[in-house]
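We number each residue from 1, following the sequence as shown. As a basis for the values below, the full set of heavy atoms in this structure was taken, side chains included, without hydrogen atoms, waters or symmetry mates.
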Amino acid sequence: MRPLLISCLALAVAAGCAKKSEVMAEQAAADAAAASELESVVVTGARIQEAQARRMAVMAPPPPPAPPAPVVAYGGAPMPVMSAPEPNTENYAEFEDNGIVRTAENAVSTFSIDVDTGSYSNVRRMLAQGQLPPKDAVRVEEMINYFDYAYAPPTDRRQPFSVRTELAPSPWHPRKLLMQVGIQGYEVAAAEIPAANLVFLIDTSGSMDSPDKLPLLKESFRQLVPRLRAQDRVSIVVYAGSAGLVLPPTPGDRHGEILAALGQLEAGGSTNGGEGIDLAYAMAKQGFIEGGVNRIVLATDGDFNVGIWDPRALETKVEAGRKSGVALTTLGFGTGNYNDALAEKLADLGDGNHAYIDNLMEGRKVLVEEMGSNLLTIASDVKIQVEFNPAQVAEYRLIGYENRALAREDFNNDQVDAGEIGAGHDVTALYEVCLVGQGCESSDPLRYAPAVAAGPQAGELAFLKLRYKLPGETESVLVERPVTRRDVRLQASEDLRFAAAVAAYADLLRGGANTNGFTWDQVEALARGARGEDAWGYRAEFMQLVAQARSLSPARDPGIAISQD
């Protein structure tokens, strides 16, 4: 049996070897055929290329993975692809709040008036976008001066403005007083406004290609056109990479031509504000009206990013233009790259005003309702100086006007530039005052300070002086009056209460360091009780802004100061 098993096993091994030999023979024959075929296609090269391609495909790195499928939100709708946010390059000049001053150490406060309102509407824009403004975007005086306070106008135009003072307890510190200084310019009917030579210098750079910039600018300017008269002259200059003349000096009653020129404006290119200003001043000179209003209205998002890199060189041009009789007003538009610091600075140097237009209603307010005030200057280089009586006033603090401060000696120097008042303009300044003996001092008196003796003016709290120049004059006129205890009221007037509410609103937006823990609810209640006559709804809108700011502000612990730096 065993020999038989061995024999069968040997036969099986032999059969397997034979089968393997057949397979190997067949494989060898196939290889030979392939080699023969490869040799036969050397002449054409097609197969070689295919073979090389196959080898390269094996050697190449794997293809990148397919993009992921879009993320599907609840309900089956694809999630939107979020692009990276545009960088915010808005520029604001830094400043610190005015401090409390001891009268015995420095009794005199001097500053230039300011009729700008750009800070108020710019902050409104930010609140509407659901964000609190940066601290330096909030200028208290521009917030206060956005509103009209119904001061009585002067009875005689020989003095271009009236002056009013009022004192009453401070709503956030009952032991202190608020002192209001109000100035009201005389009104001028539209028919009495002298002929105007207006040059609209419009930024049409690529940065203006946004609904809140060039399109809003065009719609705002269209509201002004029907008010232009035959004696007026209008030019339109644009700048975007290079300056261009869209409309040469044209009679103001050619409304169709002016509207057509506005309609063809489109945004594109980079910004060369320097070249544009050169051409604008050339057009202002060409259309100059002796004895009339000669003004450039610069409308931009403030992005002067090509051309004149030195801001001082640009400022020098504006100063030279002012001395030649051409004023400059600036209008700000848009968000993201708004250069507030430069726009305000150029307007100051150009004896003009600065406004920010965030919607069409603001465009109408600035360019239609207040155009007479913004165009016709009735007093220039207006300065205010207040000397407090140290026998009556222990401390004082000027609320706002930080970037309008002047040296004491600048008040009498007619070479020092200051602010302008237009026809119908009103200007408000507030001081917070601590009277002697009221226990409201923030610091101790100096040990070695000389004793203060009560003089013949013992009943005076302060002495108010103003200087101004009439248009075209080089010498200033002095106005002065005492502020006495008879000016103190037990309860503030409606207008002073509303101005105080606006001041507190601005202070809270800047961190709330100066209002003694005053809350948003208290600001709203103060404003609501002083709303008064509000024909255009500006005060009602203010209360909405207070509510919006309150909703965006962090909860405040009365013992913790919130910083927004």
Side-chain angles (χ1 to χ4, degrees), residues 98 101 103 106-116 141-142 144-145 149 151-166 179-188 319 322-323 325 327 344 347-354 373-374 376-389 393 396-431 433 457 460-484 487:
N98 286 327
V101 180
T103 311
N106 182 6
V108 180
S109 169
T110 310
F111 63 98
S112 162
I113 63 118
D114 182 13
V115 296
D116 292 347
E141 70 279 4
E142 295 186 26
I144 295 172
N145 285 323
Y149 297 100
Y151 302 134
T155 56
D156 188 339
R157 285 194 180 183
R158 286 179 296 182
Q159 180 174 313
F161 53 81
S162 61
V163 182
R164 171 188 168 182
T165 56
E166 178 185 343
M179 186 176 87
Q180 181 184 41
V181 178
I183 299 173
Q184 176 67 58
Y186 64 73
E187 299 280 352
V188 174
E319 288 177 321
R322 179 193 74 211
K323 293 175 182 177
E344 186 196 21
D348 293 346
L349 293 171
D351 277 358
N353 62 293
H354 169 60
S373 301
N374 293 331
L376 181 58
T377 298
I378 60 174
S380 60
D381 292 341
V382 183
K383 307 169 189 175
I384 296 178
Q385 186 170 82
V386 181
E387 180 185 355
F388 289 96
N389 182 355
V393 177
Y396 66 88
R397 185 178 78 87
L398 175 61
I399 299 176
Y401 293 92
E402 285 83 2
N403 63 357
R404 301 290 181 149
L406 297 174
R408 178 177 173 180
E409 60 271 18
D410 290 343
F411 182 75
N412 292 329
N413 186 350
D414 286 344
Q415 302 304 310
V416 175
D417 185 53
E420 280 63 46
I421 293 180
H425 262 152
D426 60 83
V427 181
T428 299
L430 296 179
Y431 282 92
V433 175
Q457 298 84 20
E460 295 181 3
L461 300 179
F463 195 66
L464 172 64
K465 298 191 290 187
L466 299 96
R467 281 195 179 275
Y468 68 92
K469 297 174 187 172
L470 292 172
E473 299 293 328
T474 57
E475 293 187 8
S476 64
V477 178
L478 176 65
V479 177
E480 52 189 10
R481 58 180 293 182
V483 179
T484 69
D487 295 315

When rounded to the nearest 0.5 Å, the distance separating NZ of K383 from NZ of K465 is 12.0 Å
Taking every heavy atom of Y396 against every heavy atom of N106, the minimum-distance pair comes out as OH-O, 2.8 Å
ring-ring contact (aromatic ring centres under 6.0 Å, His included) filter on Y431, not counting sequence neighbours, yields F388
Test V479 against R481 for side chain to side chain contact (heavy atoms under 4.5 Å, CB included), laying out the working first. CA-CA 7 Å; V479 177; R481 58 180 293 182; 5.9 Å; no
Tightest non-hydrogen contact, residues N145 and Y401, listed as ND2-OH, 3.2 Å
Any chance the side chains of E420 and S380 put a donor and an acceptor closer than 3.5 Å?
no
When every non-hydrogen atom of Y149 is compared with those of R164, the smallest separation belongs to O-NH1, 4.4 Å
What one should report as the nearest heavy-atom pair of S476 and K469 is CA-CG, 3.8 Å
Salt bridge or not between R404 and D116? Use side-chain N to carboxylate O under 4.0 Å. yes
| message | Working note: F411 + L478, criterion side chain to side chain contact (heavy atoms under 4.5 Å, CB included); need CA distance, chi angles, decisive distance, verdict. | response | CA-CA 10 Å; F411 182 75; L478 176 65; 4.0 Å; yes
**Message:** Can you tell me if E409 has over 12 outside heavy atoms packed within less than 6.0 Å of its CD?
**Reply:** yes
In this structure, CD1 of I144 is separated from CG of D426 (nearest 0.5 Å) by 12.0 Å
Nearest heavy-atom approach of Q184 to P154 is O-CD, 3.5 Å
Check your understanding: Under 6.0 Å from the CZ atom of R157, do we count more than 12 heavy atoms belonging to anything else shown?
Key -> yes
In this structure, CD of Q159 is separated from OH of Y186 (nearest 0.5 Å) by 11.5 Å
Distance col, row N98:CG vs S109:OG, nearest 0.5 angstrom, shows 7.5 Å
CD of E142 to CG of N403, rounded to nearest 0.5 Å, is 7.5 Å
**Message:** Are the side chains of T377 and D351 in contact, using a 4.5 Å heavy-atom criterion?
**Reply:** no
Check: Using 4.0 Å as the upper bound for N to carboxylate O, is an ion pair formed by R467 and D414?
Finding: no
Between V382 and A418, the two heavy atoms sitting closest are O-CB, 3.6 Å
Under the criterion side chain to side chain contact (heavy atoms under 4.5 Å, CB included), I'd like the reasoning laid out for H425 against N374: C-alpha separation, chi angles, the key distance, then a yes or no.
CA-CA 8 Å; H425 262 152; N374 293 331; 3.5 Å; yes
Practice prompt. Tell me, with the steps shown, if M179 and L461 meet side chain to side chain contact (heavy atoms under 4.5 Å, CB included).
Written response: CA-CA 10 Å; M179 186 176 87; L461 300 179; over 6 Å; no
I'd like to know if the side chain of N389 reaches the main chain of E460, judged simply by a donor and an acceptor atom lying under 3.5 Å from each other, with no hydrogens or angles considered. yes
Which of I183, L398, T110 passes side-chain contact (heavy atoms from CB on, under 4.5 Å) with I384? Answer is I183
Exactly one of V427, T428, L466, D381 clears side-chain contact (heavy atoms from CB on, under 4.5 Å) with I113, and that residue is V427
Distance col, row Q415:CD vs N412:CG, nearest 0.5 angstrom, shows 13.0 Å
Exactly one candidate in V101, V433, V483 meets side-chain contact (heavy atoms from CB on, under 4.5 Å) with V393; the answer is V433
